[in-house]
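This report refers to the structure that appears directly beneath it.
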Amino acid sequence: MRFATKAIHAGVEPDPSTGAIMTPIYQTSTYVQQAPGVHKGYEYSRTHNPTRTALQNALAALENAQHGICYASGLAATDALLKLFKPGDEIVATNDLYGGTYRIFVRVFEDFGLKFKFIDLSDPAAVETAFTEQTKMLWLETPTNPLLRILDIRSLAAQARSRGILTVVDNTFASPYLQNPLDLGADIVMHSVTKYLGGHSDTVMGALMLNDDELAARLRFIQNACGAVPGPQDCFLVLRGIKTLHIRMKQHCENARQVAEFLNNHPKVGKVYYPGLATHPGHALAAEQMRDFGGMLSFELKGDDYEEAVRVMSSFKVFSLGESLGGVESLCTHPASMTHASIPKSEREKSGLKDTLIRLSVGIEDVEDLIEDLTQAIES
Ligand SMILES: *Cc1c(COP(=O)(O)O)cnc(C)c1O
């Protein structure tokens with residue numbers, strides 16, 4: 001099946017009890033057994049729930065994966081993944097990553113004896129030097145948040161695989177519509193489903209997708225043993241959200257392209273970070289490993305004045321100032337004080353994140369209204 005057909009049909013069967021075309025919200029904690037141990041495959045909703053099963057199968061199909069596992073949030077998915085490891089194990093990660101991922105790595109799992117190294121994954125020699133006998137996982141995001149750097153999934157995954165190291169890709173920014181890391185050699189895909197997959201800023205959820213049966217069994221064990229599962233109502237909302245993923249993503253990409261070009265030509269705007277611009281250093285690689293360039297972009301104002309950036313962010317009328325991304329409505333974020341505040345300023349600056357950077361999640365409104373809003377906010 002092709003992508004749009006999968007987005008609408010994969011994983012979803014008419015409900016066996018009534019024929020309902022939409023998977024019902026199975027709002028139940030337990031299931032009645034005919035005799036002890038004799039049941040229909042469902043015993044308790046932490047372990048299995050039919051609404052969640054449908055969603056997990058749908059999400060797996062979108063990433064061309066055998067297995068999909070859903071969690072109460074993106075970070076709960078990351079938490080479950082880190083529980084695969086033991087004290088002394090090392091994880092090598094990109095130095096340009098989501099602030100909450102940095103926080104769970106350094107402020108939670110370092111206390112349990114895991115070791116983390118943050119490096120520039122665009123430098124193959126640095127990656128080789130970072131890997132040791134103890135390295136168990138390579139963690140990357142591409143495009144990265146918030147600087148939209150592009151990392152080469154195929155070559156990084158091959159480098160890790162040759163040393164028996166698992167490659168995990170946080171595919172939140174691209175969504176499965178634009179990029180399928182498993183097809184490029186990665187072992188596990190992680191999503192904050194909260195973002196493009198949900199698509200309507202109404203649910204917090206995470207997911208892991210993978211092909212390896214043994215690893216999936218271990219992760220399902222951890223899902224049930226540790227319990228960070230999403231509720232059936234949220235699963236229903238995401239099942240509904242992904243039915244329009246492909247048409248939403250097309251419009252996000254088209255609007256972001258026009259917004260990026262507008263900003264790039266504006267005399268008051270300095271650097272624009274969007275992989276769709278021919279001048280972006282990752283443009284050629286993005287064109288190769290992604291189907292389009294996405295709905296996220298960041299920019300700096302000329303003069304690099306913090307007060308001026310705050311003024312612009314406070315003047316928007318259509319863009320809303322808030323954390324998160326990937327919903328149908330346009331959002332603007334100040335990474336230094338919002339999504340990335342948990343990363344120390346020195347680390348932020350090392351990775352090139354200035355305190356004046358403004359990040360946009362370009363929504364699917366009429367792009368003329370978005371450009372008018374940017375014009376009035378920047379020029380007022
Ligand atoms: C939001 C986000 C996360 C965390 O997901 P939650 O659903 O908020 O827990 C992880 N990675 C990226 C790239 C994100 O944008």
Side-chain angles (χ1 to χ4, degrees), residues 55 59 63 68-82 91 93-109 116 118 121 137 139-151 153 168-179 181 186 188-209 223 226 228-231 234-235 237-238 241-242 249 252 256 273 275 290 294-298 322-327 331-336 338-343 348 351 353 357 359-363:
L55 177 62
L59 290 174
E63 284 290 9
I69 309 177
C70 288
Y71 299 89
S73 69
L75 283 171
T78 302
D79 176 70
L81 198 50
L82 291 170
I91 287 137
T94 170
N95 62 0
D96 185 12
L97 87 171
Y98 177 69
T101 305
Y102 178 86
R103 183 176 54 201
I104 192 173
F105 284 0
V106 170
R107 303 219 9 228
V108 180
F109 278 90
F116 298 91
F118 299 95
L121 291 183
M137 178 168 88
W139 180 284
L140 59 119
E141 280 178 35
T142 181
T144 66
N145 179 11
L147 292 171
L148 287 306
R149 292 196 177 109
I150 306 295
L151 295 172
I153 298 174
V168 179
V169 178
D170 178 341
N171 204 27
T172 302
F173 263 41
S175 90
Y177 177 73
L178 295 179
Q179 172 174 284
I188 302 176
V189 175
M190 176 265 163
H191 274 284
S192 170
V193 174
T194 312
K195 315 295 168 53
Y196 286 109
L197 284 162
H200 296 76
S201 308
D202 54 10
T203 318
V204 172
M205 194 189 293
L208 299 176
M209 293 82 140
Q223 182 194 38
C226 301
V229 293
D234 285 352
C235 292
L237 286 171
V238 174
I242 60 179
M249 289 313 298
H252 281 298
Y273 302 83
M290 298 171 71
M296 298 299 300
L297 61 92
S298 297
E323 296 194 10
S324 201
L325 60 109
L331 282 178
C332 138
T333 304
H334 181 224
M338 296 161 79
T339 50
H340 289 62
S342 50
I343 300 178
R348 289 202 305 262
S351 70
L353 199 177
L357 188 84
R359 190 190 81 183
L360 301 180
S361 170
V362 180

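Every number for a ligand or one of its atoms is a count from 1 in the order of the listing. What you are looking at is a predicted structure, and each value in this text was computed from that prediction instead of being measured.
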Heavy-atom side-chain contact between T203 and V193 under 4.5 Å: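 They are not in side-chain contact.
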Can you name the ring-ring contact (aromatic ring centres under 6.0 Å, His included) partners of [X], sequence neighbours left out?
X    : answer
F118 : Y102
H191 : none
Y98  : none

Does S192 offer a backbone N or O that forms a donor-acceptor pair with the side chain of T172 under 3.5 Å?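 Yes: the side chain of T172 pairs with the backbone of S192.
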Once you restrict both partners to nitrogen or oxygen, which atoms of ligand 1 have a protein partner under 3.5 Å, and how far apart are they?
from, atom 1, to, atom 2, distance (Å)
ligand 1, 5 (O), S192, OG, 3.0
ligand 1, 7 (O), G74, N, 2.9
ligand 1, 7 (O), S192, OG, 2.8
ligand 1, 7 (O), T194, OG1, 2.7
ligand 1, 9 (O), G74, N, 3.0
ligand 1, 9 (O), L75, N, 2.9
ligand 1, 11 (N), D170, OD2, 2.7
ligand 1, 15 (O), K195, NZ, 2.8

Criterion side chain to side chain donor-acceptor pair (under 3.5 Å) against T144, the qualifying member of N95, D96, T94: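 With T144 as partner, side chain to side chain donor-acceptor pair (under 3.5 Å) holds for just one option, D96.
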